[in-house]
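Take a look at the structure below.
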Amino acid sequence: MYNFKEVEEKWQEKWDGDEHFKAIDFHPTKPKYYVLYEFYNVSGNLHMGHLKGTVPADALARMKRLQGYNVLFPIGGDAFGLPAENAALKTGINPKDFVAKGMKNVVNQSKKLGLSFDYDRTIATSDEDYYKWTQWIFLQLLKNEKAYKEKGIVNFCPNCKTVLSNEDSQDGICDRCHGKVVQEDRWVWYLKMKEYAEKLLENVDRIDMSENLKESQRNWIGKKEGYEIPFEIVDEEGNHLGVENIFTQEAYFLPGAAYLSMAPESRLIEKWMEKVANSDQVKEYKKQASFRSAMDRMTKTKDTTSCLVRGIYAINPFTKKRIPLIMTDSILATTGTEMGIPAYRQKHQEMADQYGILPQYITAPEFEGDAETSKKWQQEFTKQLIDSGLAKKSVSYKMQDWPFNRQRYWGEPFPVVFCPECGTVPLKEEDLPLTLPETNDYKPREDGSSPLSKITDWVNCKCPKCGHDAKRETDTMPNWAGSSWYWLRYCDPHNPNQLADPEKLKYWGSVDCYTGGTEHITRHVLYAFFWQNFLYEIGAVPTRDPFKRKMGSGLILDTEGKKMSKSSTNGVSPMEVIDKYGCDAARLHIHFLGGYEDNTAWTYNGINGITGFLNKVWDLQDIVQGEEISDKHAQALEELTKKVTSDIEALKLNTAIASCMGFVNQMKRDKYITKEELRRFLILLNPLAPHITSEIYEKTFGENILDAEWPKEDQKNQSVQMTNIVICVNNKKKFVVPCPKGLSKEQLLDYLALQDDINAFLSNLEAQNIYHVPDKMINIVTKKNVYEKK
RNA sequence: GCGGGUAUGGCGGAAUUGGCAGACGCGCUAGACUUAGGAUCUAGUGUCCCAGACGUGCAGGUUCAACUCCUGUUACCCGCACCA
């Protein structure tokens, strides 16, 4: 009987610090392979999702090593940011200590999952010698004008001391504490991500990833092709105030534009507020609208509100008529200004009626014509508008620039000071890292400013440019910052002089397979594309693509079909499963439940099938007979090799496990397995169930399985290969006959003619047509006109 | 609303990409060994009017051949609706 506790402990101890798992920079002979699993969140224990997400990556890394690759398979922790800080606040432990402890914990748990990471390269985003380079990247962004600071209005809850989204502050009430929300002016650091929209779309096209994930990313970027039309803005007296560009996909409606509608957040109105006749009303409207969630504004269109802005107007560039401006919460801040065409849009008409705005009709007979004529006119008229300079082709993106600061303690400090003489001044690169000062008072402040602003020793500094008294930026970077480049650092994790040695970056190249959850597919992965593009353009990294392939791990659901997480009460811990059934069993069971990208409901049901299988594998030792591969098993072994190799490559562990089960069943039926058969089988199963296979291998062959070589398909070994040919008549199966492989249609028919019973059957048929699929089937069509159509 | 994905036995899920539908496992049924069985072994297990026919959400189509391709349709899941 297999004692998993003893065996697994033995091997995990052996693997701790094992050289086999270490990636070697510039290996002289082996080709490289880079498998990446996403950062651990360092705020708790590993959960079932990690068991599902990491094991296939581990299996891939283990197989690649056996195949003779120099594998880089690292792990690290996303240690900065809210999750760690909140957990620290809750437990009262300093975030730094909390993170140090947390990292140790998740690393230990990883080892209990049998994960073969190169632990020497483990990094955490809150390590000083790591975030030094996060800060360095920010300096490059600033230097290359990809970072800027701008004022914006946010919802702020004085009680919770946090900035709230509209979602969390419906009707001006904080979602968490039900206190009143206030509107605050804030400086926001933005990164010019929008500028990279096209490049990100190219990254999306190039990466090997499932279509629905690609669509998620494309939706997020939200590219729309249309036209931009500038409208002049004037005051009551007709003085020119500026120009408002509207975006539309139907430029030909321009003559019908009877008003412009804009989001309550409109910057235009904000800018010209002193010209607005009803500014009190407008300001109040803006405030009310800001408390409605975007979801609410989009879906509950019946509740749409609006406010006519008096005192400033737009000029329709085609009709030259003065038209009013309307704020409405049916338009979202990111949508931009739209033209209202009440003559042709029901919703617009309702809006116009409210304010007594007359519809403007388009006076072109073709426009009213049949669909084809109308469409032709639309195209021609749009062209005219472009030719006359009234409209121009334009592209709009939903994705906005990336707001890059948080009023929190636990994050990367910005390497920037504010000097009354020189303005915003970046620190010198040689002065990095700008370390996060230690404090016990890291709770968010009453007024929502960063806790760092209280540490006056740290805040007050000298301007690096002129030496004048200056102040540091007291906001910190978001937790997405550190995770936007970490795969690069793994290539050279301890380099004190560069974010990574360019030669090492070149050697390891793009990540061959990036695994992890799909919840980060829009944000994290797009940030990753953004930063790598930027770093590539400034020559800091040799490739534009961070990842060649991305596999999104499905979720583990609980019995009610909800996402299983550490917070859910019925969440089962992987450690609990390992304790009861063993690590190999836990690894196999969870992946036998479903494919890598599928959501799977956790259940213990069926785990006895897995432990039964492992016991059968163990018992193979009792039926070893003979040395070389036997003729009887040659083909099964050959097929298993092919199947397992391609399945692990594709991260389809469920079918790899199934075929291993099938193979073991056959060995049991035949009551023997030869030494060489067992050797190959153990190597094939090793990436999936590393402990038991290591033990049997050592016991039987006296060697470490990690030194073994992955079996290759070996045609020479087989004298004759047989295959089952299905014989159909009119597409109905009649016989299944074992035949040699590789026969042509004629050879096959000759071969069948040698078999009396089949020959007797076939010779009675009047074949009209014979279809042959090599090595698979033959279909004899006898009847005429069976499928004849009328 | 827009876009993407999925739909196969009692259950989880296979199907080499157009070629034996239901691999593998659970569960279930019967039997063996047992004081016992939540252990092990053996056999069976898509449905039905069972020498046959029908079966991959539903309705059509293409093909010698369709889970697979095309058209339409329904249900569910995911993304977008500034938590960036």
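The structure presented is a predicted model; accordingly, all values stated were derived computationally and were not measured. Protein chains get the first letters and strands the later ones, always in sequence-line order, with residue 1 at the start of each.
- In this structure, Trp531(A) has its ring center no closer than 6.0 Å to that of Phe529(A).
- Rounded to a whole angstrom, the distance from the C1' atom of U71(B) to that of C80(B) is 28 Å.
- The side-chain tip of Lys199(A) points at the ring of Tyr196(A) from less than 6.0 angstrom away and within 45° of straight on.
- Atom C1' of nucleotide G25(B) and atom CG of Asn615(A) are separated by 15 Å, given to the nearest angstrom.
- Within 4.0 Å (heavy atoms only), Phe404(A) reaches no atom of the nucleic acid at all.
- Residue contacts shown for Arg406(A) are limited to sugar-phosphate atoms, with no base heavy atom under 4.0 Å away.
- Between Lys194(A) and A84(B) there is no side-chain N or O to OP1 or OP2 distance below 4.0 Å.
- In this entry C69(B) has G61(B) as its Watson-Crick or G-U wobble partner, both defining distances falling under 3.5 Å.
- Asn654(A) has a side-chain polar atom (N or O) that falls below the 4.0 Å cut-off from OP1 or OP2 of A14(B).
- Between Tyr2(A) and Trp618(A), the angle of the ring planes lies from 30° to 60°, which puts this pair in the tilted group.
- Judged by Watson-Crick or G-U wobble contacts below 3.5 Å, the nucleotide C49(B) has no partner.
- U34(B): no Watson-Crick or G-U partner with both key distances under 3.5 Å is found in any strand.
- At a threshold of 4.0 angstrom between heavy atoms, the contacts of Asn219(A) include nucleobase atoms, whether or not backbone atoms are also involved.
- Applying the 3.5 Å distance criterion, the base of C64(B) shares a donor-acceptor pair with the side chain of Asn779(A).
- The CG-P distance, from Asn731(A) to G55(B), rounds to 13 Å in whole Å.
- Leu593(A) places its CG atom 13 Å from the C1' atom of C24(B), with the value rounded to the nearest Å.
- Contact annotation for Lys652(A): backbone-only contact, meaning every heavy-atom pair under 4.0 Å involves sugar-phosphate atoms and none involves a base.
- Regarding contacts with the backbone of G25(B), a side-chain N or O of Asn665(A) is found under 4.0 angstrom from either OP1 or OP2.
- For Tyr581(A) and Phe4(A), the ring centers sit 6.0 Å or farther from each other.
- Distances shorter than 4.0 Å separate none of the side-chain N or O atoms of Asn769(A) from OP1 or OP2 on A65(B).
- Applying the 4.0 Å criterion to OP1 and OP2 of A81(B), one finds that Lys398(A) has a side-chain N or O inside that range.
- Met661(A) comes within 4.0 angstrom of sugar-phosphate atoms only, judged by non-hydrogen atoms across all strands, and of no base.
- Ring-centre distance between Tyr672(A) and His633(A): below the 6.0 Å cut-off.
- Between the CG atom of Asp475(A) and the P atom of A84(B) there is a distance of 14 Å, given to the nearest Å.
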